[in-house]
2 protein chains.
Amino acid sequence: MSTRLTKMAENREKLIASARRAFAQQGYAAASMDSLTAEAGLTRGALYHNFGDKRGLLAAVVDQIDSEMAGYAKSVGARAGDAWLGLLAEGAAYIEKALDPEVRRIVLLDGPSVLGDPSQWPSQNKCLQSTRNTIEQLIKDGTLKPVDPEAAAMLLNGAALNAALWIASSANPQAMLPKTLEAFNLLASGFLVKG
Amino acid sequence: MSTRLTKMAENREKLIASARRAFAQQGYAAASMDSLTAEAGLTRGALYHNFGDKRGLLAAVVDQIDSEMAGYAKSVGARAGDAWLGLLAEGAAYIEKALDPEVRRIVLLDGPSVLGDPSQWPSQNKCLQSTRNTIEQLIKDGTLKPVDPEAAAMLLNGAALNAALWIASSANPQAMLPKTLEAFNLLASGFLVKG
DNA sequence: CCTGTCACATACGATATGTATGCCACTTGA
DNA sequence: TCAAGTGGCATACATATCGTATGTGACAGG
């Protein structure tokens, strides 16, 4: 057993966890690398050795959060009655997850600014491909119109994530959530062969 | 005539124009205030006096670009045959305008990170309200289902802006644009009473 | 003509990032 | 078991940028 590699993996986890808290609470730009490494019981030396630079650290954090979101959405979608309801459930799951302040601040606000267009991230690509597969299946079924699957998946995901931002910053989020979900389902039904 | 005030207004315009170039080319974080003020023939003293801080300068730039986008979208929408086609045309106009690298970098990527949720910006609120008014009218017409107008407007705008990001970073933007517009129109038709 | 105000320039301090260097623990091979 | 080497991490330094505090010169009003 390699004590060396396990310790390194532990330190990576510590740094990611600490960065996740710091980025969520203060935002990427305001978060100091000295502070967050100290909170993890390390120094910036470990950080630069493991992640290259501050961007690399954010990428690791975003990847972790994105993977959690993708896993949750997929499990929710699989639990639905059929593929169409699964698609709607996945969208709703994305909106719910994105209501978490941590997700909004890191993935929706700072992520695109620092890392560029989200659709180019490896993790987001997983989510998009999952949605795209479902849509392709539904088109073969004859449930959906023959729309471009990639474009359709991107539009649905984009609308869902944007909706979460809007709901969270509204005066009464609890009241806006059901209205928004209703509108989202209506929107998605535009792809249906028969409404 | 007050030479004083006109000169100040000129300097404000110079700074905004210079900042717009710098933010578009290097991004908000990487753009140096010393450089962009020097390019305008001024110093940071003028900048802090006029805009308070770097955020204030970005807000001014975003407001200018957003106003241009809103004006263009509105004019395109008004030129359409009816209100429903106008809604679709506005969405298409937003996607087209957001294909400009300057708009993407400043308004879609850096803007949300630095200024927070776009739906809270004064300029974006103008756009959303315009779309919302059109939707309310179409609901009264009986053209659209009785969906929440605010939520519907937000979802359409969000999908359009996200689509532009996606198209721009795709391998072949020219080929993706028509496919995306088609999917967008289908999506919006989910709000129609009869497809 | 004189005085005050204001838009802007200049000087300074604080802080954060990235790099270069050094050290110590652990691994590896004989 | 021991010795050499590797590498993960800490430390020190150089650089650059932001925000503030202070100064100054020109325009406006009396």
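Quick note on labels: first sequence line is chain A, next is B, and so on, each numbered from 1. If you're wondering where the values come from, they're calculated on a predicted model, not measured in any experiment.
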A.B. asks: Got a sec, which residues hit salt bridge (charged side-chain N to carboxylate O under 4.0 Å, His left out) with B:Asp34, two or more places apart in sequence or on another chain?
C.D. replies: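 B:Asp34: salt bridge (charged side-chain N to carboxylate O under 4.0 Å, His left out) contacts with B:Arg44.
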A.B. asks: Any ring-ring contact (aromatic ring centres under 6.0 Å, His included) pairs touching residues 151-181 of chain A, not counting sequence neighbours?
C.D. replies: none
A.B. asks: Report yes if at least one side-chain N or O of B:Asn50 is closer than 4.0 Å to OP1 or OP2 of C:dA7; otherwise report no.
C.D. replies: no
A.B. asks: Let me confirm one number: the CZ-CD distance from B:Arg21 to B:Gln26, rounded to the nearest 0.5 Å.
C.D. replies: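 Rounded to the nearest 0.5 Å, the CZ-CD separation comes to 11.0 Å.
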A.B. asks: Is it true that atom CD of A:Glu182 has more than 12 heavy atoms of other residues, nucleotides or ligands lying nearer than 6.0 Å?
C.D. replies: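 Not buried by this count: 12 neighbours or fewer within 6.0 Å.
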A.B. asks: What is the distance from atom CG of B:Leu57 to atom CG of B:Asn50, rounded to the nearest 0.5 Å?
C.D. replies: 9.5 Å
A.B. asks: Any ring-ring contact (aromatic ring centres under 6.0 Å, His included) pairs touching residues 5-33 of chain A, not counting sequence neighbours?
C.D. replies: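 For residues 5-33 of chain A: A:Phe23-A:Tyr28.
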A.B. asks: From CG of B:Leu57 over to C1' of D:dG19, roughly how many Å is that when rounded to an integer?
C.D. replies: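 Going from B:Leu57 (CG) to D:dG19 (C1'), I get 14 Å.
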A.B. asks: Reckon A:His49 has a side-chain N or O less than 4.0 Å from the OP1 or OP2 of D:dC9?
C.D. replies: no
A.B. asks: Could you run down nucleotides 9-18 of chain C 5' to 3' and tag each one B, S or - for protein heavy-atom contact under 4.0 Å?
C.D. replies: BBB----SBB
A.B. asks: Take the protein atom CG of A:Leu5 and the nucleotide atom C1' of D:dT6, then report the distance between them rounded to whole Å.
C.D. replies: 13 Å
A.B. asks: Just N and O in the side chain of B:Asn11: are any of them under 4.0 Å from OP1 or OP2 of C:dC8?
C.D. replies: yes
A.B. asks: If you restrict it to nitrogen or oxygen atoms, what contacts under 3.5 Å exist between nucleotides 22-27 of chain D and the protein, and what is each distance?
C.D. replies:
{"unit_1": "D:dC27", "atom_1": "O4'", "unit_2": "B:Arg4", "atom_2": "NH1", "d": "3.1"}

A.B. asks: Which residues satisfy the salt bridge (charged side-chain N to carboxylate O under 4.0 Å, His left out) test with A:Asp53, sequence neighbours excluded?
C.D. replies: none
